[in-house]
Amino acid sequence: MIEEKKIHQAAKLLLDSKTAIALTGAGVSTESGIPDFRGEGGIWEQYKPEIYGNIKSFLTDPSKFWALAEKVAPNLFKAKPNPGHIALAELENMNILKAIITQNIDELHQKAGAVIVYEVHGNINRFVCFGCRASYTKDQVIKKLKKKKQYPPTCDMCAAPLKPSVVLFGESLPTFEIYQSQALAQKADIMLIAGSSLSVAPVCDLPAYTLRDGGKLIIVNDRPTHLDERAEIVIHDKTGIILSLIVEELKKIKTKNETNK
Ligand code: APR
């Protein structure tokens, strides 16, 4: 049963906000066919993160990480934005969302038309050489793998292994993105959190910056999170459905306000 009252409340909070931002996780991309990490059948259920998603294990044996990348990448590269991404891009377009902070590496927010997107865990479309820091595009790496199917692909310059520019466990986050996200969270009067288990620091601490300065949380996630009881509104349902309904309701309220003027 869709919770109309909460949808209306969330729409109203966002419409009346001045500095709202969104914080998204892998849950907003599952409806685009990309598995999440800790939800139903998530990646970390099948692959141990300490072996497949950790910088130390990458350094000792990059082929493990690349075996996971080879499995997940095709879905990632062909994925299209779903109604949840489109709804968030629309909220940014309406100048309601001032930014989208995402833990996702799939660029689907940008493909949906969002512009101010901070990718705090990097992005799958750039690759870097672990030796000389040479940078490669996704197409260059796909071409290399087509020519010589060897994992990990190695650098043309120094033969060191290549790594997608995504943040592995044990690596630091991109400095500008995380500082900017903390500043935006501090300033936010509303943080719309969508599709994240809020279980990985430092991103999972961002909502606390908003709460500490009197901001409110709206959480849309199909499972409970540890911040549910501190949120103004919590909707346990699919982001693709709920975010679209919130945008629809917000437009209705906006039109009503304008006609009553
Ligand atoms: N609608 C709503 N919620 C969903 C949907 C959906 N369609 N699909 C999945 N979810 C929920 C899951 O139940 C889960 O609670 O989204 C949440 C996704 O949580 P995680 O899989 O932990 O993803 P995320 O929060 O982004 O993880 C953070 O952990 O492993 C690292 O670097 C990785 O960026 C990732 C970080």
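Heavy atoms only: backbone and side chains are in, while hydrogens, waters and symmetry mates are out. Start at 1 and go down the list; that is how both ligands and their atoms are numbered. Since we're looking at a predicted model, the values are computed, not measured.
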Trainee: On the 0 to 90° scale, with breaks at 30° and 60°, tag the F58-F65 ring pair as parallel, tilted or perpendicular.
Mentor: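 Rings of F58 and F65: perpendicular, over 60°.
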Trainee: Please state which protein non-hydrogen atom is closest to atom 28 (C) of ligand 1 and give its distance, to 0.1 Å?
Mentor: Q103 OE1, 3.1 Å
Trainee: Look at atom 18 (C) of ligand 1 and find which of G39, P49, G195 reaches it with the closest heavy atom.
Mentor: G195
Trainee: Any N or O on N104 sitting closer than 3.5 Å to an N or O of ligand 1?
Mentor: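 No.
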Trainee: Judged by modelled atom types alone, do E50 and N54 share a side-chain donor-acceptor pair under 3.5 Å?
Mentor: no
Trainee: Considering only the protein, which heavy-atom contact is closest to atom 31 (C) of ligand 1, and what is its distance?
Mentor: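 Heavy-atom neighbour on the protein nearest atom 31 (C) of ligand 1: R38 NH2, 3.5 Å.
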Trainee: Within ligand 1, which atoms have a heavy atom of E31 less than 4.0 Å away?
Mentor: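 Counting atoms of ligand 1 from 1, those under 4.0 Å from E31 are 1 (N), 6 (C), 7 (N).
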Trainee: Looking only at heavy atoms of D237, does any of them come nearer than 4.0 Å to an atom of ligand 1?
Mentor: yes
Trainee: Identify the closest protein heavy atom to atom 5 (C) of ligand 1: which residue and atom is it, and at what distance?
Mentor: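 Of the protein heavy atoms, G27 O, 3.2 Å lies nearest.
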Trainee: Could you find the nearest protein heavy atom to atom 8 (N) of ligand 1 and give me its residue, atom name and distance?
Mentor: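 Here the closest protein heavy atom is T30 OG1, 2.8 Å.
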Trainee: Numbering the atoms of ligand 1 from 1, which are under 4.0 Å from a heavy atom of G25?
Mentor: 26 (O)
Trainee: Do other residues, nucleotides or ligands put more than 12 heavy atoms under 6.0 Å from the NZ atom of K138?
Mentor: yes
Trainee: Can you report which non-hydrogen protein atom sits closest to atom 30 (O) of ligand 1, along with the distance?
Mentor: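 It is W44 NE1, 2.7 Å.
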Trainee: In terms of atom number and element, which parts of ligand 1 are under 4.0 angstrom from non-hydrogen atoms of R223?
Mentor: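 Selected atoms, number and element: 13 (O).
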Trainee: Among all protein non-hydrogen atoms, which one is nearest to atom 1 (N) of ligand 1, and what is the separation to 0.1 Å?
Mentor: T239 N, 2.9 Å
Trainee: With respect to V200, determine whether any N or O atom, backbone or side chain, lies less than 3.5 Å from an N or O atom of ligand 1.
Mentor: no
Trainee: Return the residue, atom name and 0.1 Å-rounded distance of the protein heavy atom closest to atom 34 (O) of ligand 1.
Mentor: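 The answer is H121 ND1, 2.8 Å.
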Trainee: Counting only heavy atoms, tell me which of L198, T24, N221, N82 gets closest to atom 15 (O) of ligand 1.
Mentor: N221
Trainee: Is there a side chain to side chain donor-acceptor pair (under 3.5 Å) between T24 and H85? Walk through the geometry before answering.
Mentor: CA-CA 10 Å; T24 67; H85 297 108; over 6 Å; no
Trainee: To check your reading of the model: name the closest protein heavy atom to atom 23 (O) of ligand 1, its residue, and the distance in Å.
Mentor: A26 CB, 3.6 Å
Trainee: As an exercise, state the distance from CG of L23 to CG of L206, rounded to the nearest 0.5 Å.
Mentor: 6.0 Å
Trainee: Would F37 count as a polar contact of ligand 1, with the cut-off being nitrogen or oxygen pairs under 3.5 Å?
Mentor: yes
Trainee: Can you tell me how far apart CG (N125) and OG1 (T137) are? Round to the nearest 0.5 Å.
Mentor: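 It is 9.0 Å, given to the nearest 0.5 Å.
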